[in-house]
Number of protein chains: 2
Amino acid sequence: MKQTASSHNYHHGDLYQSLLLTATEMIAEGGTESLSMRKLADRVGVSRTAPYHHFKDKNALLCAIAEQGFQRVEALLQEVQTRESSEPLATIFTQYVHTYIELAYKYREQYDLMFGRDIWRNGTPTESLLNRSKQHFKSWLNWIEYLCEQKVIQSGDSVLRTAQVYWATLHGLCRLLNDGIYTEQSQLNEMANTAVDMMLKRQKAD
Amino acid sequence: MKQTASSHNYHHGDLYQSLLLTATEMIAEGGTESLSMRKLADRVGVSRTAPYHHFKDKNALLCAIAEQGFQRVEALLQEVQTRESSEPLATIFTQYVHTYIELAYKYREQYDLMFGRDIWRNGTPTESLLNRSKQHFKSWLNWIEYLCEQKVIQSGDSVLRTAQVYWATLHGLCRLLNDGIYTEQSQLNEMANTAVDMMLKRQKAD
DNA sequence: CAATCAATCTTGACAGTGTCAAAATATTAC
DNA sequence: GTAATATTTTGACACTGTCAAGATTGATTG
């Protein structure tokens with residue numbers, strides 16, 4: 001009973017990709033909680049336990065999705081640095097902050113997953129995810145170092161601490177937005193500007 | 001079959017308080033996830049559904065616990081303001097930041113609950129919790145306003161935005177710590193200092 | 001004191017969850 | 001074609017939140 005069309009009889013073909021894609025969709029729709037292995041399997045058209053041959057765990061699946069999120073923010077960071085020739089650094093930094101927040105909001109559920117308890121407290125992050133997240137912070141640190149050298153942003157005693165605090169600020173803003181504590185996005189744009197003002201090196205101070 | 005001792009035969013006495021207390025303990029031990037209504041009931045020595053006569057929901061129970069957390073931070077904020085006569089404002093502010101972070105770490109699981117998805121996304125915050133959290137931010141805002149007036153901390157265009165961004169920074173730091181992204185507390189003390197430096201009004205700037 | 005009522009607690013039940021073990025099926029290698 | 005391997009399925013288990021109906025108690029009447 002073989003079908004010439006490459007459709008789903010028994011072996012699905014590329015279940016791995018299908019699972020990853022559909023799971024990402026489901027999370028985008030209703031958050032991590034609305035994603036159950038069983039519903040996912042259903043939606044992909046496969047039995048309950050089939051996913052377990054492609055992902056060891058639900059945790060592993062979540063890590064894979066989070067990893068894609070980190071790829072995205074890393075890509076943004078890289079891309080933004082290529083604009084250096086055409087724009088002043090302060091402008092680029094400002095743009096980055098705004099875009100980061102926009103991304104975190106657009107993919108809010110995935111963002112929550114990336115930094116949330118599901119992975120970092122309940123589950124255990126995959127080696128792969130761990131590497132990618134560390135790598136991303138390293139990229140951020142490098143950029144901040146560069147911006148400090150160029151006297152674009154204000155730095156305290158240690159550049160490392162500065163990078164940490166600035167990222168904490170950025171992350172804090174995103175969480176505020178995502179957790180619905182300040183729901184209005186208009187407010188958040190202003191907040192982002194205030195934050196940027198705080199970070200940028202001032203020309204003069206009275 | 002009545003017992004003279006006031007112990008648990010059928011009516012427990014003050015189940016409400018017992019539940020609240022035990023649930024808080026369980027959360028402190030293993031986070032929100034390790035708290036199930038059934039295990040809680042077991043531990044208190046009562047049947048599965050008994051808690052439902054004192055808390056409408058698991059959500060309601062969580063909200064009650066979160067509310068206690070807000071009471072604690074509100075108390076800290078109030079207490080800190082009484083020190084004004086004996087210490088300079090900048091010192092008080094610095095102390096507050098450090099204490100806030102310490103509290104958030106000491107009661108990390110409860111802190112996560114206070115600002116986490118469980119309540120603000122999955123569940124729906126109780127009216128009572130909503131009021132208390134709004135009230136607390138108002139207190140914070142008032143204090144920041146005062147500190148701005150006294151030229152103790154740096155302010156951007158809007159005091160409201162400043163209060164929001166500063167709180168976001170503080171909150172971001174706590175999450176970094178609590179989510180185990182920067183596990184070492186020594187680092188966090190330095191980070192707190194860097195953050196405070198960023199907020200305090202500088203005497204001179206070059 | 002006895003009887004009623006409301007508060008409180010229990011048992012039973014249902015649908016849902018993650019995931020393990022064993023069996024079934026398809027694909028690939030020889 | 002047969003054997004080995006990869007993939008999928010069915011069955012099962014322990015766990016979850018919570019609803020409905022019944023049991024037990026303490027308080028409130030007469």
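Below, chain A is the first sequence line, B the second, and so on; all start at residue 1. Model, not experiment: these values are computed from the prediction.
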Are any of the side-chain nitrogens in A:E33 or B:R117 under 4.0 Å away from the carboxylate oxygens of its partner? yes
Send over the distance from A:Y16 OH to D:dT8 P, rounded to a whole Å. 14 Å
Would you call B:R121 and A:D112 a salt bridge, using N to O less than 4.0 angstrom? yes
Is the A:F93 ring parallel, tilted or perpendicular to the A:W143 ring (thresholds 30°, 60°)? tilted
Checking C:dC9, D:dG17, D:dT8 against the side chain of B:V46 (C-beta onward), the nearest is C:dC9
Please report, rounded to the nearest Å, how far the P atom of C:dA24 is from the NE2 atom of A:H53. 15 Å
Would you mind reading off the distance between A:Y52 atom OH and D:dT9 atom C1', rounded to a whole angstrom? 15 Å
Quickly work out the A:K56 NZ to C:dT19 P distance and round it to whole Å. 8 Å
For the residue pair B:Y111 and B:Y100, does the interplanar ring angle fall in the parallel (under 30°), tilted (30 to 60°) or perpendicular (over 60°) class? perpendicular
Starting at atom CG of B:D42, determine the distance to atom P of C:dT10, rounded to an integer number of angstrom. 11 Å
Measure the distance from CG on A:L40 to P on C:dG18 and round it to the nearest whole Å. 9 Å
What's the CG-P distance between A:D57 and C:dG18, to the nearest Å? 11 Å
Under a 3.5 Å threshold, yes or no: a donor from one side chain and an acceptor from the other, between B:S158 and A:E190? no
Which letter, B, S or -, goes with each nucleotide of nucleotides 11-16 of chain C from 5' to 3', with contact meaning a protein heavy atom under 4.0 Å? BBB---
Check the distance between C:dT8's C1' and B:D14's CG and give it to me in whole angstrom. 13 Å
If you compare every side-chain N and O of B:H54 against the phosphate oxygens of C:dA7 (OP1, OP2), does one of them come in below 4.0 Å? no
Can you tell me which residue among B:Y107, B:F137, B:F115 is in a ring pair (Phe, Tyr, Trp, His ring centres under 6.0 Å) with B:F70? B:F115
